[in-house]
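Worksheet: one structure, shown below.
The basis for the numbers below is simple: all heavy atoms, side chains too, and nothing from hydrogens, waters or symmetry mates. A note on names: the letters A, B, ... follow the listed sequences, proteins ahead of strands, and every chain is numbered from 1.
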Number of protein chains: 2
Amino acid sequence: MSTRERLLEATQELLWERGYVGMSPKAIQREAGAGQGSMYHHFAGKHDLALAAIRRTAERMRAAADADLSGPGTAADRIGAYLRREREVLRGCPVGRLTQDPDVIADPELRRPVDELFDWLRTRLSEVVAEGVRAGELDAALDPEDTAAAIAAAVQGGYVLARAAQSAEPFEHAVRGALGLIRTKS
Amino acid sequence: MSTRERLLEATQELLWERGYVGMSPKAIQREAGAGQGSMYHHFAGKHDLALAAIRRTAERMRAAADADLSGPGTAADRIGAYLRREREVLRGCPVGRLTQDPDVIADPELRRPVDELFDWLRTRLSEVVAEGVRAGELDAALDPEDTAAAIAAAVQGGYVLARAAQSAEPFEHAVRGALGLIRTKS
DNA sequence: GTCTATACGGAGATAGAC
DNA sequence: GTCTATCTCCGTATAGAC
């Protein structure tokens, strides 16, 4: 793996673990096994590196969610697959955690990929809910946008509860609770 | 207001805005209008100050949530009141945001008040859901623990979505979506 | 109680040699 | 491309005077 690649991956890991404010260039270099000069040769600095890392992480999350939501099965199946997918719960969401970082939120460039990911996710979820309603499979009383936001929020909030407790249990409860929204019409 | 009090409040604000890793003693002193020596006279250091501030913030949140959940009205009314309460959505949750701070999560003392708050909240919410089910007011198919976790997660996740978008809208959608869980049995 | 002085390491980067 | 030197602030205190 190239040095550039190792720097990028180290940055992705550190952003996940410590956020932008908690991540130092020195730590990136240590993780990547790269020297000072090397890092500043490949990237303009911490900001530049973080921007590239955030874009990548967001793109990966999008692909993973899309695989669940555009896969086979009914609307409820696909939302269920998204909700039940295995996650590293105690590490939190690598994109969602950035919303709590003041330097990311204050910087339009850094925030943009985060914004776009969640915007896409809510839209895609609401499309799937709408399909389910149209097919008569989900309760017609469900508002697609509201339900989509609640589902996305259950996952993001599940991470919050789990990290507070240092246990995956609250996350799993939240996911099961959210599944109650799309339980098949009886 | 005493200097000690101003230091505490400044710390609460800064923890909310920047988290533990993003908050410096110097910033606390500036916000509080207190000198270096003054701060170290009243508190042992950043950690000590943060511990006192987190305990206070968590206690305030508990009292606010309890006012909604133990107020008058049916179970659905009270959960509705909790969900719809006005919040400073774009600032995020002053307690929930701490779960994304690596130094808070790594320190059992700092994490404890956060853990206790969310544990209490999920328990209290599940009691109210159980009451509603017993009263025949909520769908008997609802699992109280799962539903409680989903409701707490919708709020916490709503903050995440809202901060990503820098708009309160996704939060409001998530709350309305979560209300679907407790819509009165027809 | 509050102030000023002092300390030492780290954050975040630039410069130039190799 | 990578290395080492250097730089300027800041983070996080401690010490002792007032």
Side-chain angles (χ1 to χ4, degrees), chain A residues 1-56 97-98 100-111, chain B residues 1-56 97-98 100-111:
Chain A
M1 200 168 29
S2 70
T3 297
R4 192 192 152 82
E5 185 58 27
R6 275 182 292 114
L7 284 163
L8 255 176
E9 297 211 342
T11 305
Q12 292 185 270
E13 287 299 306
L14 281 165
L15 282 173
W16 190 357
E17 208 167 301
R18 303 196 43 84
Y20 188 86
V21 299
M23 172 187 77
S24 73
K26 213 161 280 212
I28 296 171
Q29 295 153 30
R30 195 180 339 104
E31 281 273 310
Q36 185 93 335
S38 198
M39 183 190 123
Y40 284 100
H41 170 73
H42 291 287
F43 295 93
K46 174 179 170 175
H47 181 275
D48 185 31
L49 207 28
L51 180 56
I54 291 172
R55 283 181 174 152
R56 258 219 211 177
R97 74 102 53 238
L98 298 173
Q100 305 305 322
D101 194 304
D103 290 6
V104 170
I105 293 305
D107 182 318
E109 248 181 354
L110 296 180
R111 183 173 65 82
Chain B
M1 201 167 28
S2 70
T3 296
R4 193 192 151 83
E5 185 59 26
R6 275 182 293 114
L7 284 163
L8 256 176
E9 298 212 340
T11 304
Q12 292 185 270
E13 287 297 308
L14 281 165
L15 282 173
W16 192 356
E17 207 167 301
R18 304 196 43 84
Y20 189 86
V21 299
M23 173 187 76
S24 72
K26 211 161 283 212
I28 296 171
Q29 295 152 31
R30 194 180 339 105
E31 280 274 310
Q36 186 93 335
S38 199
M39 183 191 122
Y40 283 101
H41 170 74
H42 291 289
F43 296 93
K46 174 179 171 175
H47 181 274
D48 186 33
L49 206 30
L51 180 56
I54 291 172
R55 283 180 174 153
R56 258 220 211 175
R97 75 103 52 236
L98 299 172
Q100 305 306 319
D101 194 304
D103 290 5
V104 170
I105 293 306
D107 183 317
E109 246 181 353
L110 296 181
R111 184 173 64 82

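A donor-acceptor pair under 3.5 Å is formed between the side chain of A:R97 and the backbone N or O of A:W16. Remark: side-chain polar atoms of B:D103 are not paired, donor with acceptor, to backbone N or O of B:Y20 under 3.5 angstrom.
The CD atom of B:Q29 sits 10 Å away from the P atom of D:dG11 (whole-angstrom rounding). Rounded to a whole Å, the CD1 atom of A:I28 is 16 Å from the P atom of C:dG10. If you take OH of B:Y40 and P of C:dT6, they are 18 Å apart, rounded to a whole angstrom. Regarding B:Y20, its OH atom lies at a distance of 7 Å from the P atom of D:dT12, rounded to whole Å. Rounding to whole angstrom units, NZ of residue A:K46 and P of C:dA11 are separated by 9 Å. The CZ-P distance, from A:F43 to C:dG12, rounds to 17 Å in whole Å. Nucleotide D:dT2 holds its C1' atom 16 Å from the CZ atom of A:R4, rounded to whole Å. Straight-line distance from the CG atom of A:D103 to the C1' atom of C:dA11: 13 Å, rounded to whole Å.
Considering only side-chain N and O atoms, B:K26 lies nowhere under 4.0 angstrom from the phosphate OP1 or OP2 of D:dG11. Contact annotation: B:T3 side-chain N/O to C:dT2 OP1/OP2 distance is under 4.0 Å. OP1 and OP2 of D:dC3 both lie 4.0 Å or more from every side-chain N or O belonging to A:H41. For C:dA13, neither phosphate oxygen OP1 nor OP2 lies less than 4.0 angstrom from any side-chain nitrogen or oxygen of A:H47.
Taking the side chain of A:H42 as heavy atoms from C-beta on, and the options C:dA13, D:dT14, D:dG1, the nearest nucleotide is D:dG1. When each of C:dT2, D:dA13, C:dA11 is scored by its nearest atom to the side-chain atoms of B:S38, the top-ranked nucleotide is C:dT2. Side-chain proximity of A:S24 to the nucleotides D:dA13, C:dT2, C:dA11 is greatest for C:dA11. Candidate nucleotides D:dA13, C:dG1, C:dT14 were compared by shortest atom distance to the side chain of B:Q36, and D:dA13 ranks first.
Comparing the helix axis at one end of the helix from C:dG1-D:dC18 to C:dC18-D:dG1 with that at the other, each defined from 5 consecutive pairs, gives an inter-axis angle of 0° (nearest 10°).
If you check every strand for non-hydrogen atoms under 4.0 Å, B:M23 touches sugar and phosphate atoms only. Note on A:G37: a base of the nucleic acid sits closer than 4.0 angstrom, heavy atoms only.
Note: A:L7 CG to A:M1 CE = 10.0 Å, rounded to the nearest 0.5 Å.
Listed by chain and number, the residues in a side-chain hydrogen bond (donor to acceptor under 3.5 Å, both in side chains) with A:E13 are A:R91 (sequence neighbours excluded).
With a 4.5 Å cut-off on side-chain heavy atoms, B:E9 and B:R56 count as touching. Side-chain contact check for B:Q100 versus A:D101: every heavy-atom pair is 4.5 Å or farther apart.
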Next item on the list: Assess whether side chain to side chain contact (heavy atoms under 4.5 Å, CB included) is satisfied between B:M39 and B:L49, documenting all intermediate values.
Entry: CA-CA 9 Å; B:M39 183 191 122; B:L49 206 30; 4.0 Å; yes
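Taking each heavy atom of B:Q29 and B:G35 in turn, the nearest pair found is CG-O, 4.1 Å.
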